[in-house]
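A quick write-up on the structure given underneath.
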There are 2 protein chains.
Amino acid sequence: MEYSIGEVAKLLNISISTLRFYDKEGLFLNLERDASGIRKFHEKDLETLRLITCLKSSGMKIKDIKEFMHWVSLGDQTISKRKEMFLKQKEMVEKKMLELEKTLNMITFKCWYYETAEKDQTEEKVKKIPVDKLPKEIQMAYEKAHTS
Amino acid sequence: MEYSIGEVAKLLNISISTLRFYDKEGLFLNLERDASGIRKFHEKDLETLRLITCLKSSGMKIKDIKEFMHWVSLGDQTISKRKEMFLKQKEMVEKKMLELEKTLNMITFKCWYYETAEKDQTEEKVKKIPVDKLPKEIQMAYEKAHTS
DNA sequence: TCTTGACCTAAAGTTATGTTTAGGTGATAC
DNA sequence: GTATCACCTAAACATAACTTTAGGTCAAGA
């Protein structure tokens with residue numbers, strides 16, 4: 001199965017210009033072109049794109065993804081490097097998730113805070129509630145959000 | 001308690017230039033200055049900074065944080081707006097967490113993949129294992145990573 | 001035949017989030 | 001008294017990751 005750039009764009013919801021940009025950056029290995037220079041994407045390229053999306057969301061830079069793709073092109077001799085990269089990236093993601101949880105706790109607290117303020121028609125009352133008098137789960141969220 | 005910009009920078013691990021940048025962008029409400037123009041940070045400014053950090057990690061732009069701070073300055077009449085903002089942001093964070101989980105599954109799979117390849121000294125063998133023959137938890141990670 | 005649509009390139013432009021630079025003030029330490 | 005800090009500003013610079021623009025090819029349909 002072969003896909004044009006437009007088809008891939010729709011399929012994976014990535015703009016055409018982004019796809020060309022990734023190609024220019026060297027993120028695809030041996031991306032096929034037909035006689036008149038038109039890109040032909042195969043399943044392996046789609047899989048590369050799914051990986052790019054994943055690595056980007058893990059906080060990796062395009063340059064490093066490019067380096068990884070270069071390692072892939074060198075074959076078995078770079079297996080350890082690639083493994084190390086993924087181990088490092090796993091740590092990054094776990095760190096990110098912890099931070100996001102803290103963020104969620106802060107936001108959960110704020111949601112409760114403003115819902116209460118909205119009922120009261122003022123911030124004054126809720127602002128004065130001491131931490132230990134907050135509803136239990138809100139207190140927990142607040143405290144989790146405020147640990148260094 | 002009062003803090004200089006340098007103290008705040010160390011305390012919250014944010015560079016001095018970033019703090020000045022945030023101030024220029026209007027993220028602090030009534031940040032005090034002494035007679036010679038030197039910034040004096042108070043506890044409320046530190047709390048603002050913690051909130052900024054949190055909102056940034058939730059994916060909010062500086063401009064929107066600034067708008068929020070403006071609402072704060074308008075007092076009780078903007079409580080609903082602020083509540084809506086946090087509700088929206090909560091959804092954003094929940095979406096982000098789902099994406100990160102998917103990312104983590106992909107990376108977990110890749111870690112296993114390259115650890116196996118490393119033992120084999122080649123990718124060839126592991127590459128050929130069909131999904132349903134993978135170790136159970138790896139199979140689960142793979143599948144979770146590949147659901148649209 | 002002509003026009004439309006999907007593709008192409010190279011290069012310039014955009015946006016967000018800072019950082020760096022160059023030049024200046026004012027208190028304190030040697 | 002002069003050198004060194006820690007602070008200040010305005011403005012230029014940096015970087016990543018795209019997007020837009022301007023100009024061109026090529027095949028298919030009216």
Side-chain angles (χ1 to χ4, degrees), chain A residues 1-28 30-42 45-46 48-69 89 92 96 99 103, chain B residues 1-28 30-42 45-46 48-69 89 92 96 99 103:
Chain A
M1 192 56 179
E2 230 175 52
Y3 306 88
S4 70
I5 197 168
E7 285 164 345
V8 175
K10 274 189 188 160
L11 224 52
L12 299 194
N13 208 28
I14 301 175
S15 80
I16 290 179
S17 59
T18 300
L19 291 170
R20 290 206 264 250
F21 168 70
Y22 287 169
D23 187 22
K24 200 175 57 183
E25 292 297 297
L27 263 43
F28 299 110
N30 318 316
L31 184 60
E32 203 191 326
R33 302 265 190 151
D34 72 9
S36 50
I38 288 175
R39 294 174 182 85
K40 300 288 168 192
F41 293 78
H42 296 266
D45 304 310
L46 301 195
T48 297
L49 273 169
R50 288 185 201 104
L51 182 58
I52 290 170
T53 305
C54 156
L55 290 176
K56 260 166 33 81
S57 106
S58 84
M60 233 172 126
K61 303 262 176 273
I62 300 287
K63 265 187 190 169
D64 298 325
I65 300 179
K66 177 193 180 149
E67 189 177 24
F68 168 78
M69 293 309 294
Q89 222 50 33
M92 295 284 297
K96 275 199 163 217
E99 204 199 330
T103 295
Chain B
M1 192 57 180
E2 229 177 52
Y3 307 88
S4 71
I5 197 167
E7 286 165 344
V8 174
K10 274 189 189 159
L11 224 54
L12 299 194
N13 208 28
I14 301 174
S15 81
I16 290 180
S17 58
T18 300
L19 290 171
R20 290 206 262 250
F21 169 69
Y22 287 170
D23 186 22
K24 199 176 57 182
E25 291 298 298
L27 262 43
F28 299 110
N30 318 316
L31 184 60
E32 203 193 325
R33 302 267 189 147
D34 73 8
S36 50
I38 289 175
R39 294 175 183 85
K40 299 288 169 194
F41 292 78
H42 296 266
D45 304 310
L46 301 195
T48 296
L49 273 169
R50 288 184 201 104
L51 182 59
I52 290 170
T53 305
C54 155
L55 290 177
K56 260 165 36 78
S57 106
S58 84
M60 231 171 129
K61 302 264 173 274
I62 300 286
K63 267 186 190 171
D64 297 325
I65 300 178
K66 178 195 179 146
E67 188 176 24
F68 169 78
M69 293 311 294
Q89 223 50 33
M92 295 286 295
K96 274 199 164 218
E99 204 199 329
T103 295

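Quick note on labels: first sequence line is chain A, next is B, and so on, each numbered from 1.
Comparing dT19(D), dT19(C), dC8(C) by their closest approach to the side chain of Arg20(A) singles out dC8(C). Comparing atom distances between the Ile16(A) side chain and each of dT19(D), dC8(D), dC7(C) picks out dC7(C) as nearest. Nearest nucleotide to the side chain of Ser17(B), out of dT19(C), dC7(D), dC7(C): dT19(C). The nucleotide whose nearest atom lies closest to any side-chain atom of Ser15(A) is, among dT19(D), dA16(D), dA16(C), dT19(D).
Rounded to an integer number of Å, the gap from NZ of Lys63(B) to C1' of dT14(C) is 11 Å. Per the geometry, CG belonging to Asp34(A) stands 12 Å off C1' belonging to dA6(C), to the nearest Å. When rounded to the nearest whole Å, the span between CG of Leu49(A) and C1' of dC18(D) equals 15 Å. As a whole-Å value, the separation of Lys10(A) NZ from dG5(C) C1' is 12 Å. Counting to the nearest Å, the P atom of dC26(D) and the CD1 atom of Ile38(A) are 9 Å from each other. Atom CG in Leu31(A) sits about 15 Å away from atom C1' in dT9(C), given to the nearest Å. In this entry the distance linking CD1 of Ile5(A) with C1' of dC26(D) reads 16 Å, nearest Å. Phe21(A) has its CZ atom 14 Å from the C1' atom of dA12(C), to the nearest Å.
Atom NZ of Lys40(B) has more than 12 heavy atoms from other residues, nucleotides or ligands within 6.0 Å. Open room surrounds NZ on Lys63(A); 12 or fewer heavy atoms of other groups in view lie less than 6.0 Å from it. More than 12 heavy atoms of other shown residues, nucleotides or ligands fall within 6.0 angstrom of atom CG in Asp34(A).
Residue Thr18(A) is in sugar-phosphate contact alone, with no base atom involved, counting any heavy-atom pair closer than 4.0 Å across all strands shown. Lys61(A) comes within contact range of the sugar-phosphate backbone alone, with a heavy-atom separation under 4.0 Å but no base atom that close. Within 4.0 Å (heavy atoms only), Arg39(B) reaches sugar-phosphate atoms of the nucleic acid but no base atom. Residue contacts for Lys56(B): at a heavy-atom cut-off of 4.0 Å it reaches the sugar-phosphate backbone alone, with no base atom in range.
For the OP1/OP2 pair of dT9(D) and a distance below 4.0 Å, the side-chain nitrogens and oxygens of Arg33(B) include at least one atom meeting the criterion. Not one side-chain nitrogen or oxygen of Tyr22(B) sits closer than 4.0 Å to the OP1 or OP2 atom of dT17(C). Taking side-chain N and O atoms only, Lys24(B) has no distance below 4.0 Å to OP1 or OP2 of dT9(D). Checking the phosphate oxygens (OP1, OP2) of dC8(D), no side-chain nitrogen or oxygen of Ser36(B) falls inside 4.0 Å. Between dC7(C) and Ser4(A), a contact under 4.0 Å exists linking OP1 or OP2 to a side-chain N or O.
When all heavy atoms are compared, the tightest approach of Ala9(B) to Ser15(B) is CB-C, 4.4 Å.
Considering CD1 of Ile14(A) and CZ of Arg50(A), their distance stands at 9.5 Å, rounded to 0.5 Å.
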